[in-house]
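Below: the structure, in structure tokens.
When reading the values below, keep in mind they use all heavy atoms of this one structure, side chains included, and skip hydrogens, waters and symmetry mates. Note on naming: letters A, B, ... go to the chains in the order of the sequence lines (proteins, then strands), and numbering restarts at 1 for each one.
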Protein chains: 2
Amino acid sequence: MANKKCIIRLLRYKNALHRLHSLGFVKVFSDNLADAVGVTASQVRKDFSLFGICGNKRGGYQIEALLEKLNHILGKNEQQKVVIVGGGNIGAALMKYKGFEKEGVKIAACFDIDPAKYHHKEGDIPVLPLEELKNFSRANHIRIGIIAVPDIAAQQVLDLMLSAGIKGIVNFAPIRLRASSDCFINNVNLVLELETVIYFIVNGLEKSIAEIHEEQKS
Amino acid sequence: MANKKCIIRLLRYKNALHRLHSLGFVKVFSDNLADAVGVTASQVRKDFSLFGICGNKRGGYQIEALLEKLNHILGKNEQQKVVIVGGGNIGAALMKYKGFEKEGVKIAACFDIDPAKYHHKEGDIPVLPLEELKNFSRANHIRIGIIAVPDIAAQQVLDLMLSAGIKGIVNFAPIRLRASSDCFINNVNLVLELETVIYFIVNGLEKSIAEIHEEQKS
DNA sequence: ATAGTTTTGTGAATAATTTCACTATAAAAT
DNA sequence: ATTTTATAGTGAAATTATTCACAAAACTAT
Ligand SMILES: NC(=O)c1ccc[n+]([C@@H]2O[C@H](COP(=O)([O-])OP(=O)(O)OC[C@H]3O[C@@H](n4cnc5c(N)ncnc54)[C@H](O)[C@@H]3O)[C@@H](O)[C@H]2O)c1
Ligand SMILES: NC(=O)c1ccc[n+]([C@@H]2O[C@H](COP(=O)([O-])OP(=O)(O)OC[C@H]3O[C@@H](n4cnc5c(N)ncnc54)[C@H](O)[C@@H]3O)[C@@H](O)[C@H]2O)c1
């Protein structure tokens, strides 16, 4: 029922609703939302139905109420604190990005083994020695971590994160990590994202499929 | 038949085979590959069967021959040139990354509207004024582009890319782009990747589903 | 040679996901 | 008030994707 694809669509609906709301819209119909997100209207209604979300026949959905419900389902009512391990290219890009706060995500700290990366300035996200990851995560109840280290280091970083109580991971290293099933790993492989596009272009398939989103990647 | 998910799995098989090959392995069985990639052995065989790839009963697959076939199918025999538009956080991280060349991907140039970003040094990837995108792309037969500009600028950048003959796009801006169906857009939404993990952790679902890959995101 | 074993290749079965199509209902129009 | 119309909600149908299960082939050992 509440499968991964469906959750990703709910997150998309939520983002689209945010935009509509900030544009001053008050209500929305299943087909507006479908259009904004790139799915069919029945898909939207089916997804909502699965989570017991209902609107008004002929009246559509009240955006505020809908956002409220989605945030509740998606656990976005409280701000989530996240740590990054690896303050290199990707890690630094993520730290500089201003878009997380808006979505209720707070990058609490970054950890690295390279002392040249350490950084501590009021207002900035601190970059700390890797040894402090465990204490920091425990003290701050961190449950989510981002792996942005070279692939050879990724497994040991994962193990350390798990031992620090982190259970949810976004992994940018292009390798398959081994873990107990008591954690959730979301692998993001940017090279693969590019290679996928290359495949469709090289084979002249750009006409058949116009667009892919995360959820079409299973 | 040859759906997106299947292609992404083929790309994964290819990557796993690369690793195995560089470790000195010569042949591989469907279940080794399945294990390396995180799918079932029948899935591997079914995927291969779909593309007419065959191995030897009881002998598995010769890694070199298999890589050859996969590279042919995936269009990885010739190096692919790619441009980036937006030399900010993400754009810069991608330019500094050394892992693309290994996969036959060459970042040919980056384009930006901010003159402070312009850069031209022998050996480095040049950062050029946006106005030059069209000529550069035409002259270098660029077919693939990466959008790494703020969301408000993404649509106009896409339109420009399309007018420059670029047909395959990886888009990092978190908005739905509108385009003719004569192009292929792969949307990468990093905030969503994080939010997905947050959902599973906040709802205590980390036990049920241990790992997701791109292809499970549809 | 022959028997035994392992692994592929694939049609059939199953499972998962999406779309269809229709009913119920609320709002708008008359 | 009554009719019309637009849209939600949802089982059923269709489609798509995955797994099963087993015959065919090829290697190994005797
Ligand atoms: N940069 C990109 O565009 C890009 C693209 C695709 C994939 N990736 C992947 O993302 C990951 C990070 O890439 P990057 O370009 O940011 O790398 P990077 O080399 O720029 O940064 C890696 C950082 O990790 C630190 N580090 C190394 N070992 C560590 C350890 N054991 N514990 C803590 N920190 C450690 C290093 O000091 C460095 O600061 C890599 O796995 C890479 O393959 C990056
Ligand atoms: N940095 C991240 O970690 C991150 C995370 C999630 C999403 N994103 C998304 O990725 C995109 C890029 O993010 P970023 O952090 O790199 O942004 P950034 O602001 O650091 O960089 C954007 C770059 O694009 C350039 N630019 C602006 N308008 C342009 C135009 N019309 N043509 C060409 N260049 C233009 C700017 O000069 C700047 O160099 C954004 O859409 C952002 O939402 C980034």
Side-chain angles (χ1 to χ4, degrees), chain A residues 1-13 17 20 25-63 65-66 69-70 73 205 208-218, chain B residues 1-13 17 20 25-63 65-66 69-70 73 208-209 211-218:
Chain A
M1 165 218 180
N3 63 85
K4 281 156 279 174
K5 297 191 197 173
C6 180
I7 297 306
I8 292 171
R9 286 195 303 266
L10 291 188
L11 287 163
R12 272 180 201 291
Y13 301 148
L17 286 166
L20 292 170
F25 288 92
V26 169
K27 66 178 187 178
V28 70
F29 300 119
S30 59
D31 70 338
N32 306 144
L33 215 38
D35 203 50
V37 162
V39 298
T40 65
S42 19
Q43 180 83 83
V44 174
R45 296 201 301 272
K46 179 65 97 184
D47 287 339
F48 286 179
S49 151
L50 238 40
F51 284 91
I53 292 173
C54 48
N56 319 304
K57 305 211 169 176
R58 173 132 198 192
Y61 304 84
Q62 293 301 118
I63 292 180
L66 190 47
K69 280 178 196 148
L70 286 174
I73 291 164
L205 299 170
S208 51
I209 309 147
E211 194 172 1
I212 56 178
H213 290 298
E214 283 80 30
E215 78 275 11
Q216 288 159 353
K217 293 172 192 169
S218 328
Chain B
M1 166 215 180
N3 63 87
K4 282 156 278 172
K5 296 191 199 174
C6 181
I7 297 307
I8 292 171
R9 284 195 304 266
L10 291 188
L11 288 162
R12 272 180 201 292
Y13 301 148
L17 286 166
L20 292 170
F25 288 91
V26 169
K27 67 177 187 179
V28 71
F29 300 120
S30 58
D31 69 339
N32 307 142
L33 214 39
D35 203 48
V37 163
V39 299
T40 65
S42 20
Q43 180 84 82
V44 173
R45 297 201 301 274
K46 178 66 95 188
D47 286 341
F48 286 178
S49 153
L50 237 43
F51 284 92
I53 291 173
C54 47
N56 318 304
K57 306 213 167 174
R58 167 128 200 201
Y61 305 83
Q62 293 301 118
I63 291 180
L66 189 48
K69 279 178 198 147
L70 286 175
I73 291 164
S208 51
I209 310 146
E211 193 172 0
I212 56 180
H213 291 295
E214 283 79 30
E215 77 273 11
Q216 290 158 352
K217 294 172 194 170
S218 332

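Atom P of nucleotide dT5(D) and atom CZ of Phe29(A) are separated by 17 Å, given to the nearest angstrom. Between the CG atom of Asp31(B) and the C1' atom of dT19(D) there is a distance of 15 Å, rounded to whole Å. Per the geometry, CG belonging to Asn32(A) stands 8 Å off P belonging to dT7(D), to the nearest Å. Distance NZ (Lys69(B)) to C1' (dT8(C)): 13 Å, rounded to an integer number of Å. In this structure, Ile7(A) places its CD1 atom 15 Å from C1' of dT17(C), rounding to the nearest Å. Between the CZ atom of Arg9(A) and the C1' atom of dT17(C) there is a distance of 8 Å, rounded to whole Å.
Looking at heavy-atom distances under 4.0 Å, Thr40(A) makes contact with sugar-phosphate atoms alone, never a base. Across all strands shown, Tyr61(B) has heavy atoms under 4.0 Å from sugar-phosphate atoms exclusively, and none from any base.
Taking side-chain N and O atoms only, Ser49(A) has a distance below 4.0 Å to OP1 or OP2 of dT10(D). For dT19(D), one of the phosphate oxygens OP1 or OP2 lies less than 4.0 angstrom from a side-chain nitrogen or oxygen of Gln43(B).
Among all heavy-atom pairs drawn from Ile7(B) and Phe51(B), the shortest one is CD1-CZ, 3.8 Å. Across all non-hydrogen atoms, the minimal contact from Ser30(B) to Val44(B) is O-CG2, 3.9 Å. Taking each heavy atom of Leu20(A) and Ile63(A) in turn, the nearest pair found is CB-CD1, 3.9 Å.
Between the Asn32(A) side chain and the Phe29(A) main chain, a donor and an acceptor come within less than 3.5 Å of each other.
Residue whose closest nucleotide on DNA chain C sits further toward the 5' end, between Asp47(A) and Asn56(B): Asn56(B). Comparing Gly59(A) and Ser42(A), the nucleotide of DNA chain D nearest to each residue sits closer to the 5' end for Gly59(A). Both Lys46(B) and Ala41(B) lie close to DNA chain C; mapped to their nearest nucleotides by heavy-atom distance, the more 5′-ward contact belongs to Ala41(B).
The CD1 atom of Ile53(A) sits 4.5 Å away from the CG atom of Leu70(A) when rounded to the nearest 0.5 Å.
Side-chain proximity of Arg58(A) to the nucleotides dG9(C), dA6(D), dA24(C) is greatest for dA6(D).
Applying the 3.5 Å distance criterion, the base of dT7(C) shares no donor-acceptor pair with the side chain of Arg45(B).
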